[in-house]
Amino acid sequence: MKILKIGAVATISAMMAIAPVAANDVEFTLVNDSSYILTYFYASPSSDDSWGDDLLDEVGILEPGYEGTVFIGGGSDECIYDFRFETAEGPELEVAEIDICELESYTLVDE
């Protein structure tokens, strides 16, 4: 198993006057600034032991230099999620404990 040697940058809302939304319906921008073709993206509440469905299923892949809108729904009231990224080249990356209620964008970059 190869480990994806890319970094991740999260951008959260800086507006303190707005209360965090419930995680029931969350949208954020996923930006692929890495050199890898992103083929699968999974997100699940950090308290879960399994990954949910592939969130790229409808669009297929996310090429380097592209971005897309990610929608996480399904009725969960949790804000803290883990992410899993898999690439066409083989490497993968898991990132724990992302606060999706505060997330505006998430960027994958080469390290």
A.B. asks: Which residues, ordered by chain and number, are linked to Ile80 in its hydrophobic cluster, where ILVMFWY side chains connect at heavy-atom gaps below 4.5 Å, directly or through other members?
C.D. replies: none
A.B. asks: Using a distance-only test with no angle check, is there a side-chain donor-acceptor pair under 3.5 angstrom linking Asp82 and Ser46?
C.D. replies: yes
A.B. asks: Give every donor-acceptor pair under 3.5 Å between a side-chain atom in residues 53-70 and any protein atom, sequence neighbours left out.
C.D. replies:
from: Asp54; atom 1: OD1; to: Phe41; atom 2: N; distance (Å): 3.0
from: Asp54; atom 1: OD1; to: Leu56; atom 2: N; distance (Å): 3.0
from: Asp54; atom 1: OD2; to: Asp57; atom 2: N; distance (Å): 3.4

A.B. asks: Please identify each residue that fulfils side-chain hydrogen bond (donor to acceptor under 3.5 Å, both in side chains) with Thr29, with sequence neighbours left out.
C.D. replies: none
A.B. asks: Rounded to the nearest 0.5 Å, what's the gap from CD on Glu92 to CD on Glu86? Could you check?
C.D. replies: 5.5 Å
A.B. asks: Can you give me the closest heavy-atom contact between Asp25 and Gly73, atom names plus distance?
C.D. replies: OD1-CA, 4.3 Å
A.B. asks: Going by the rule side-chain contact (heavy atoms from CB on, under 4.5 Å), which residues pair with Ser50 if we only count those two or more places apart in sequence or in a different chain?
C.D. replies: none
A.B. asks: Roughly how far, to the nearest 0.5 Å, is CZ of Arg84 from OG of Ser44?
C.D. replies: 10.5 Å
A.B. asks: Glu27: which residues meet the salt bridge (Lys or Arg N to Asp or Glu O under 4.0 Å) condition with it, sequence neighbours left out?
C.D. replies: none
A.B. asks: If you round to the nearest 0.5 Å, how far is OH of Tyr81 from CD of Glu97?
C.D. replies: 14.0 Å
A.B. asks: Contact between Ser34 and Asp110 at the side-chain level, heavy atoms closer than 4.5 Å - yes or no?
C.D. replies: yes
A.B. asks: Under 6.0 Å from the OH atom of Tyr42, do we count more than 12 heavy atoms belonging to anything else shown?
C.D. replies: yes
A.B. asks: Using every non-hydrogen atom in the two residues, find where Thr39 and Thr87 come nearest and quote the distance to one decimal.
C.D. replies: OG1-C, 3.5 Å
A.B. asks: Only counting residues at least two apart or in another chain, list the ones meeting ring pair (Phe, Tyr, Trp, His ring centres under 6.0 Å) with Phe28.
C.D. replies: Phe83
A.B. asks: Rounded to the nearest 0.5 Å, how far apart are CG of Leu30 and CG of Leu108?
C.D. replies: 5.5 Å
A.B. asks: Under 4.5 Å between any side-chain heavy atoms of Val95 and Tyr106, yes or no?
C.D. replies: yes
